[in-house]
Colleague: 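One structure coming up, written as structure tokens, with questions to follow.
Quantities reported herein were computed from a predicted structural model and do not represent experimental measurements. Computed from heavy atoms alone, side chains included, the values below leave out hydrogens, waters and symmetry copies.
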Amino acid sequence: MAPENDRPDAATEVFLTHRNLLFTVAYEMLGSAADAEDVLQETWLRWVGVDLDTVREQRAYLVRIATRQALSRLRTLGRRKESYVGPWLPEPLLTAPDVAEDVELADSVSMAMLLVLETLAPVERAVFVLREVFDVGYDEIAEAVDKSPAAVRQIAHRARTHVAARRPRGAVSRDETRNALEAFQRAADTGDLQSLLDLLAPDVVFLGDGGGVKQAVLRPVVGADKVARLLALGLDNIDAASLRLAQVNGYPALILRLDGEIDTVLAMRVEDGLITGLYAVRNPEKLSHMERETALRR
């Protein structure tokens with residue numbers, strides 16, 4: 001995206017300065033790293049045609065372009081999801097340690113939160129992300145989504161209420177998540193499922209995303225008994241040595257490798273010490289951002 005000479009021009013320098021922020025905005029709106037990268041490309045193409053002397057706030061201007069591109073893509077993505085085989089899960093990211101240190105950023109990109117954001121309408125999602133995660137002013141958001149500031153305030157209130165009713169009830173503990181994942185590893189290593197099953201909440205939900213390419217459950221599995229039976233079957237075929245802990249979307253998760261290739265990314269939602277959500281991403285098209293760390297910024 002930069003010229004081939006040694007020193008990038010002014011437009012390129014500004015874009016590169018805000019690139020990680022723009023990717024994070026697009027990713028939180030879309031839940032898809034591949035689509036977020038496309039939004040970056042489209043934002044860049046529009047940005048290089050702008051007269052910088054007419055731009056008062058460069059960061060805000062770039063966020064506005066990216067938001068509009070993401071909104072357009074979000075509607076297209078919605079149509080793709082309608083024909084998707086089985087549950088659709090967000091595309092996991094291998095994240096750097098500094099993401100985990102920013103508690104609000106980690107929470108906003110967690111698998112559990114991205115699934116909550118999936119339940120918002122496109123404009124509601126854009127307004128919520130820009131306001132609650134990136135603290136963008138109502139006037140700037142209004143320009144990005146082509147609404148009046150008053151309408152944006154109403155949308156923001158509605159979206160906050162919607163998210164508050166569906167997000168984890170208490171603070172998600174990174175340590176508790178790690179403990180649950182280590183129990184999963186022990187169960188794979190020893191065959192002793194009990195320590196893992198003791199961590200399942202009565203209403204635990206298991207979602208698997210194979211995209212019609214890899215075998216996965218085609219609908220949510222709900223309830224401790226059903227999820228326990230599913231885990232027992234799965235763990236029979238897993239070698240503990242093929243599992244490793246990693247930082248995924250700001251939280252500990254497990255990566256399963258088979259023959260050196262990533263086969264599954266398993267993320268968990270843990271509340272009050274119990275596993276309430278298990279998310280297994282197996283679709284190979286969604287695992288390309290798991291080989292290298294992705295930088296996210298607010």
Colleague: If you define the side chain from C-beta out and look only at heavy atoms, does anything of His289 sit under 4.5 Å from Pro92?
Modeller: no
Colleague: Identify whether the distance between the nearest side-chain nitrogen and carboxylate oxygen of Glu140 and Arg64 falls below 4.0 Å.
Modeller: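 A salt bridge is absent here (no side-chain N lies under 4.0 Å from a carboxylate O).
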Colleague: Kindly compute the distance separating CG (Leu258) from CD1 (Ile238), expressed to the nearest 0.5 Å.
Modeller: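 The CG atom of Leu258 sits 8.0 Å away from the CD1 atom of Ile238.
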Colleague: Rounded to the nearest 0.5 Å, how far does CD of Glu291 lie from CG of Leu94?
Modeller: 8.5 Å
Colleague: Check the pair Leu254 / Gln185 against side-chain contact (heavy atoms from CB on, under 4.5 Å), numbers first and verdict last.
Modeller: CA-CA 9 Å; Leu254 284 173; Gln185 284 182 302; 3.8 Å; yes
Colleague: Do the side chains of Phe134 and Val129 get nearer than 4.5 Å, heavy atoms only?
Modeller: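 When only atoms from C-beta onward are counted, Phe134 and Val129 do touch, with a gap below 4.5 Å.
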Colleague: Please check if the side chain of Arg68 supplies one atom and the backbone of Glu143 the other of a donor-acceptor pair under 3.5 Å.
Modeller: yes
Colleague: Ring of Phe128, cation from Arg125 - is the NZ or CZ under 6.0 Å from the centre and inside 45° of the axis?
Modeller: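 No - Arg125 does not lie over the ring of Phe128 by the 6.0 Å and 45° rule.
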Colleague: Side chains of Gln247 and Pro252, heavy atoms from C-beta outward: is any pair under 4.5 Å?
Modeller: yes
Colleague: Quick one: pull up CG in Asp189 and CZ in Phe184 and give me the separation to the nearest 0.5 Å.
Modeller: 12.5 Å
Colleague: If every non-hydrogen atom of Ala201 is compared with every non-hydrogen atom of Ala224, which pair is closest and at what distance?
Modeller: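 Closest pair (atom of Ala201, atom of Ala224, distance): O-CB, 3.7 Å.
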Colleague: Say you draw a straight line from CZ of Arg298 to CG of Asp102; how long is it, rounded to the nearest 0.5 Å?
Modeller: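 Interatomic distance, Arg298 CZ to Asp102 CG, rounded to 0.5 Å: 4.0 Å.
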Colleague: Restricting to non-hydrogen atoms, name the atom on Ala180 and the atom on Leu196 that form the minimum distance, rounded to 0.1 Å.
Modeller: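 Heavy atoms only, the tightest pair is O-CD1, 4.2 Å.
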Colleague: Do Asp259 side-chain atoms and Glu261 backbone N/O form a donor-acceptor pair below 3.5 Å?
Modeller: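 Answer holds: no.
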Colleague: Determine the minimum heavy-atom distance between Val39 and Ala66, stating which atoms define it.
Modeller: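 That closest heavy-atom pairing would be CG1-O, 3.6 Å.
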Colleague: What is the ring orientation for Tyr27 with Phe23, classed by angle as parallel under 30°, tilted 30 to 60°, or perpendicular over 60°?
Modeller: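 Answer is parallel, since the angle falls under 30°.
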Colleague: Check whether Leu114 and Leu105 end up in the same hydrophobic cluster, where Ile, Leu, Val, Met, Phe, Trp and Tyr are linked by side-chain heavy atoms less than 4.5 Å apart.
Modeller: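 Cluster IDs for Leu114 and Leu105 match.
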Colleague: Please say yes or no: joined through hydrophobic side-chain contacts below 4.5 Å, possibly via intermediate residues, are Leu130 and Leu22 part of one cluster?
Modeller: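 Same cluster: Leu130 reaches Leu22 through Ile, Leu, Val, Met, Phe, Trp or Tyr contacts under 4.5 Å.
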Colleague: Take Phe206 and Leu230, measure what side-chain contact (heavy atoms from CB on, under 4.5 Å) needs, and give me the verdict at the end.
Modeller: CA-CA 9 Å; Phe206 181 98; Leu230 181 65; 3.5 Å; yes
Colleague: So, does Arg80 use its side chain to make a donor-acceptor pair with the main chain of Thr76 at under 3.5 Å?
Modeller: no
Colleague: Please check this pair: side chain of Glu176 against backbone of Gly273, looking for a donor-acceptor N/O pair closer than 3.5 Å.
Modeller: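 A pair under 3.5 Å: yes.
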Colleague: Is a donor on one side and an acceptor on the other found under 3.5 Å between the side chain of Arg174 and the backbone of Gly250?
Modeller: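 Present.
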Colleague: Check whether the side chains of Asp198 and Ser195 place a donor and an acceptor atom closer than 3.5 Å, and report yes or no.
Modeller: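 The criterion, which ignores hydrogens and geometry beyond distance, is not satisfied for Ser195 and Asp198.
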Colleague: Any donor-acceptor pair under 3.5 Å linking the side chain of Asn249 with the backbone of Leu93?
Modeller: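 Here the side-chain-to-backbone pair exists.
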Colleague: Distance-only, no hydrogens or angles: does the Glu182 side chain make a donor-acceptor pair with backbone N or O of Asn179 under 3.5 Å?
Modeller: no
Colleague: Is any side-chain heavy atom of Arg73 closer than 4.5 Å to a side-chain heavy atom of Glu42?
Modeller: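 In short, these two side chains touch, coming nearer than 4.5 Å.
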Colleague: Could you tell me whether the side chain of Asn283 and the main chain of Asp209 form a donor-acceptor pair under 3.5 Å?
Modeller: no
Colleague: Any side-chain heavy atom of Val145 within less than 4.5 Å of one from Leu71?
Modeller: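 The answer is yes; the side chains approach within 4.5 Å.
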Colleague: Check Thr67 against Ala126 and note the closest heavy-atom contact, atom names and distance.
Modeller: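 What the structure gives for the nearest pair is CG2-CB, 4.3 Å.
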Colleague: Is Val222 close to Val204 at the side-chain level, that is, under 4.5 Å between some pair of heavy atoms?
Modeller: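 Heavy-atom side-chain distance check fails, nothing below 4.5 Å.
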Colleague: Would a single hydrophobic cluster contain both Leu231 and Leu274, if residues Ile, Leu, Val, Met, Phe, Trp and Tyr are joined by side-chain heavy-atom contacts under 4.5 Å?
Modeller: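 No; Leu231 is not reachable from Leu274 via cluster members.
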Colleague: Is there a donor-acceptor pair closer than 3.5 Å between any side-chain N or O of Trp47 and the backbone N or O of Ala11?
Modeller: yes
Colleague: Distance check, rounded to the nearest 0.5 Å: Arg19 atom CZ versus Leu62 atom CG?
Modeller: 12.5 Å
Colleague: Within 45° of the ring axis of Tyr138 and under 6.0 Å from its six-membered ring centre, is that where the NZ or CZ of Arg131 lies?
Modeller: yes
Colleague: Has Gln194 got more than 12 heavy atoms of other residues, nucleotides or ligands less than 6.0 Å from its CD?
Modeller: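 Correct, the count exceeds 12.
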Colleague: Would Thr54 and Asp51 satisfy side chain to side chain donor-acceptor pair (under 3.5 Å), going step by step from the backbone distance to the final call?
Modeller: CA-CA 6 Å; Thr54 66; Asp51 180 357; 5.0 Å; no
Colleague: Using modelled atom types and a 3.5 Å cut-off, is there a donor and acceptor pairing between side-chain atoms of Glu91 and backbone atoms of Ala34?
Modeller: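 Side chain of Glu91 to backbone of Ala34, a donor-acceptor pair under 3.5 Å: yes, one is there.
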Colleague: When rounded to the nearest 0.5 angstrom, what distance separates CD in Glu104 from CG in Asp107?
Modeller: 8.5 Å
Colleague: Do Glu82 and Trp88 have side chains that approach each other closer than 4.5 Å (heavy atoms only, starting at C-beta)?
Modeller: no
Colleague: Only one of Asp263, Leu287, Leu89 passes side-chain contact (heavy atoms from CB on, under 4.5 Å) with Arg282; say which it is.
Modeller: Asp263
Colleague: Please find the pair of heavy atoms, one from Ala70 and one from Leu30, that lie closest to each other, and give the distance.
Modeller: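 Here Ala70 and Leu30 meet closest at O-CD2, 3.5 Å.
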Colleague: Kindly give the heavy-atom pair with the smallest separation between Pro87 and Gly208, and that separation in Å.
Modeller: CD-O, 3.4 Å
Colleague: Under 6.0 Å from the NZ atom of Lys147, do we count more than 12 heavy atoms belonging to anything else shown?
Modeller: no
Colleague: Can you get from Met111 to Val270 by hopping between Ile, Leu, Val, Met, Phe, Trp and Tyr side chains that sit under 4.5 Å apart?
Modeller: no
Colleague: The test is side-chain contact (heavy atoms from CB on, under 4.5 Å); show your working for Tyr279 and Val265 and say whether it passes.
Modeller: CA-CA 8 Å; Tyr279 315 113; Val265 173; over 6 Å; no
Colleague: Measure the shortest side-chain to side-chain distance between Ile275 and Arg269 over non-hydrogen atoms and say whether it is less than 4.5 angstrom.
Modeller: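 Answer no - side chains too far apart.
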Colleague: Under 4.5 Å between side-chain heavy atoms, counting indirect links through other Ile/Leu/Val/Met/Phe/Trp/Tyr residues: same cluster for Leu278 and Val205 or not?
Modeller: no
Colleague: Would you sort out whether Thr95 and Tyr251 count as a side-chain contact (heavy atoms from CB on, under 4.5 Å), showing the intermediate values?
Modeller: CA-CA 9 Å; Thr95 47; Tyr251 281 88; over 6 Å; no
Colleague: Can you tell me if Lys81 has over 12 outside heavy atoms packed within less than 6.0 Å of its NZ?
Modeller: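 Check passes, neighbour count above 12.
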Colleague: For the residue pair Thr24 / Arg297, report whether a side-chain donor-acceptor contact shorter than 3.5 Å exists.
Modeller: no
